[in-house]
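Input: a single structure, listed below in structure tokens.
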Amino acid sequence: MAADLNEIVRYIEKNSDRYLQELFEFLRIPSISTDPERKQDVRKAAEFVADQLRKASMQRVEVFPTDGHPIVYGERVESKNKPTVLIYGHYDVQPVDPVNLWETGPFEPTIRNGELYARGAADDKGQIFIHFKSAEAFVETRQALPVNLKYLIEGEEEVGSSHLDEFIEKNRDLLKADVVVISDTAMFARGIPSICYGLRGLVYFQIDVRGPRQDLHSGTFGGTIANPAFVLAQLLAAMKDEKGRVTLPGFYDDVRNLTERERREFAALPFAEPAYKKELGVAELSGEEGFSPLERLWARPTFEVNGLLSGFTGEGAKTVLPATAMAKVSMRLVPDQQPEKIERLFEAHLQSITPQSVQLKVTRMHGGKPWVASLDHPALLAAANALEKGFGRRPVFQREGGSIPVVATFAERLKIPSVLMGIGLPDENAHAPNEKLDLGNFFGGIRSAAYFLEEFSRRAA
Ligand code: BES
Ligand code: ZN
């Protein structure tokens, strides 16, 4: 088999319009996993994925129901002697609000200036699509793949992958593979492809503070009882000190220190602080003292407030003492912090600092373990070569601040290494209005995904 993939690259070029039309169709399905009203749409997206896998000549395609959203599986076995690649990704998307800030409808894919705008364009429909089309192009031109190929495409990543671990445990044989390939992260910057070798983990809580039986007149009663909104603000403010460190006792106990080598490597990446501030619209950066922005982002844990709700927030003024206050908070974790342990520490700590004057309820939401890969697996070299061929530039190695909960499961439960070759960009508005995907990167991604299969088959042989 020829090592250059010229005819495959030509096939990808020739079919590029059709690829986009099919991706448009995928992006039109509003598969918002967190919204119960979209359940049927989520199912429709699963069926769409199954169709794509059939188009990509998978011999076996199945949509597995779960207690949540379905999991789509596909496989093509070429030969026992070939290595097996497992592609993981997700077909669910985040909610679209605030919808009035979208320039075109979130589910009406539109191309402007070489970018494809739609919810899910980058996270993750556009990115899983590159792996459907690389396989299709391979089989259409060569009637075979250089590896055995499996797909595991889920519909609950954006809500914490709650049914995936169980599915994986029950289907260990089905999912046997030599490597997992994931495209659900971003390149380091425009024109700089990257391989991501670390992800942060996550714990997420809802905090409810309850005061009096009902809302009260703040003049008649203010000054005699605790205000839940104020108590909640104090609790939250107490979670960090003036050096930007999280004050939860035990929080840093298991944090793995950055090695000098990693610090040097992070520092060598072309990170421009002024451009970063400008892009985000902030005058100053903020964070844990003693660490660079990339270190804080990729290798240090955080405590964040994701949402707040209490009292009167309508127009005008109302003198009221609210009965309740609510916050959604989360912590990004790094190796070797354990979500379970942090959850316990947080609940106990919050109870201990909450005054008797209010009632506290803490509810655990989703979470995920942090992950960092060892850099000596042959698949990483295969991915680096593949990205170089697809994008014309050698990738950098980086970590990410976001989470993909299943990656730790692949490592710990299935003992399969993961290679993260995302082709999004940091400014592609994932989870935000006007999410988009650069079309050049989309096609570079398809080419790279094809090169990866080829490179890996040779390296693993
Ligand atoms: N694609 C992201 C993961 C990601 C985010 C990678 C940022 C690199 C940078 C994924 O779809 C995602 O959003 N994950 C959630 C997981 C959570 C719901 C458990 C996240 O990170 O918030
Ligand atoms: Zn996401």
Side-chain angles (χ1 to χ4, degrees), residues 27 31-35 42 45 68-69 88-96 106 118-131 153-165 181-189 193-206 280 293-294 296-299 301-307 328-334 337 339 342-343 364-373 396-409 418-433 435-437 441 445:
L27 292 169
S31 48
I32 304 170
S33 50
T34 197
D35 184 350
V42 177
H69 299 304
Y88 163 81
H90 63 96
Y91 64 80
D92 64 321
V93 299
Q94 286 276 337
V96 294
R119 171 58 86 231
D123 184 7
D124 182 33
K125 287 174 171 171
Q127 295 213 57
I128 55 177
F129 219 74
I130 69 179
H131 295 286
I153 313 292
E154 69 153 319
E156 297 190 303
E157 196 274 347
E158 299 292 8
V159 286
S161 300
S162 36
H163 299 94
L164 191 58
D165 278 5
V181 173
I182 303 173
S183 296
D184 191 23
T185 49
M187 295 167 42
F188 182 74
S194 73
I195 292 176
C196 169
Y197 67 92
L199 294 164
R200 286 194 290 192
L202 185 76
V203 291
Y204 200 114
F205 299 92
Q206 177 169 328
L280 299 181
L294 288 183
R296 292 173 187 161
L297 197 56
W298 296 345
T302 60
F303 177 94
E304 296 294 350
V305 179
N306 301 109
K328 309 259 187 185
V329 304
S330 61
M331 287 163 252
R332 293 280 170 179
L333 309 179
V334 300
Q337 287 176 300
I342 299 296
E343 283 172 340
R364 291 185 192 186
M365 326 260 309
H366 54 226
K369 289 185 183 174
W371 167 79
V372 66
V396 298
F397 281 80
Q398 66 161 92
R399 286 162 69 166
E400 275 282 12
S403 313
I404 306 175
V406 75
V407 180
T409 309
S418 291
V419 175
L420 275 63
M421 39 191 288
I423 52 101
L425 285 172
D427 67 351
E428 277 179 341
N429 302 327
H431 297 204
E435 180 177 351
K436 60 183 173 174
L437 179 67
N441 292 343

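All ligand and atom numbering here is 1-based and tracks the order in the structure.
When heavy-atom distances to ligand 1 are checked against a 4.0 Å cut-off, S161 has no atom that comes that close, whether in backbone or side chain.
Using modelled atom types and a 3.5 Å distance limit, the side chains of Y88 and E154 yield a donor-acceptor pair. Judged purely by distance below 3.5 Å, without hydrogens or angles, the side chains of H366 and S162 never pair a donor atom with an acceptor atom.
The protein heavy atom nearest to atom 16 (C) of ligand 1 is S403 O, 3.4 Å. Taking atom 9 (C) of ligand 1 as the reference point, the nearest protein heavy-atom neighbour is E400 OE1, 3.2 Å. The single protein non-hydrogen atom nearest to atom 7 (C) of ligand 1 is G402 CA, 3.7 Å, given as residue, atom name and distance.
The residue from E157, Q127, E156, M365 that puts a heavy atom closest to atom 10 (C) of ligand 1 is E157. When H431, R332, R200 are ranked by how near their heavy atoms come to atom 21 (O) of ligand 1, first place goes to R332.
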Q: Begin from the C-alpha positions of D184 and D123 and carry the test side-chain contact (heavy atoms from CB on, under 4.5 Å) through to its verdict.
A: CA-CA 6 Å; D184 191 23; D123 184 7; 3.1 Å; yes
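Note on residues 196-206: pairs passing side chain to side chain donor-acceptor pair (under 3.5 Å), not counting sequence neighbours, are Y197-E262, Q206-D208, Q206-K328.
Atom numbering of ligand 1 starts at 1 in the shown order; those under 4.0 Å from a heavy atom of P405 are 19 (C). Every atom of ligand 1 with a heavy atom of L202 under 4.0 Å away is listed here by number and element: 17 (C), 19 (C). Within ligand 1, counting atoms from 1 as listed, the ones closer than 4.0 Å to a heavy atom of H90 are 11 (O). Proximity to D184 (heavy-atom distance under 4.0 Å) selects the following atoms of ligand 1: 1 (N), 2 (C), 3 (C), 4 (C), 6 (C), 10 (C), 11 (O). Those atoms of ligand 1 with a heavy atom of H366 less than 4.0 angstrom away are 18 (C). Under a 4.0 Å criterion applied to the non-hydrogen atoms of T185, ligand 1 contributes the atoms 6 (C), 8 (C).
To the nearest 0.5 angstrom, I130 atom CD1 is 9.0 Å from D124 atom CG. To the nearest 0.5 Å, atom CZ of residue F397 and atom CD1 of residue I195 are 4.0 Å apart. Interatomic distance, I404 CD1 to I182 CD1, rounded to the nearest 0.5 Å: 5.5 Å. We find the CG-OG distance between L199 and S403 to be 7.0 Å, quoted to the nearest 0.5 Å.
Closest N/O/S atom of D123 to the Zn ion (ligand 2): OD2. The name of the N, O or S atom in E158 nearest to the Zn ion (ligand 2) is OE2. Nearest N/O/S atom of H431 relative to the Zn ion (ligand 2): this is NE2.
You'll find the side chain of I342 reaches within 4.5 Å of the side chain of L333, heavy atoms only.
Shown are E158, K125, R119; of these, the side-chain hydrogen bond (donor to acceptor under 3.5 Å, both in side chains) with S31 is made only by K125.
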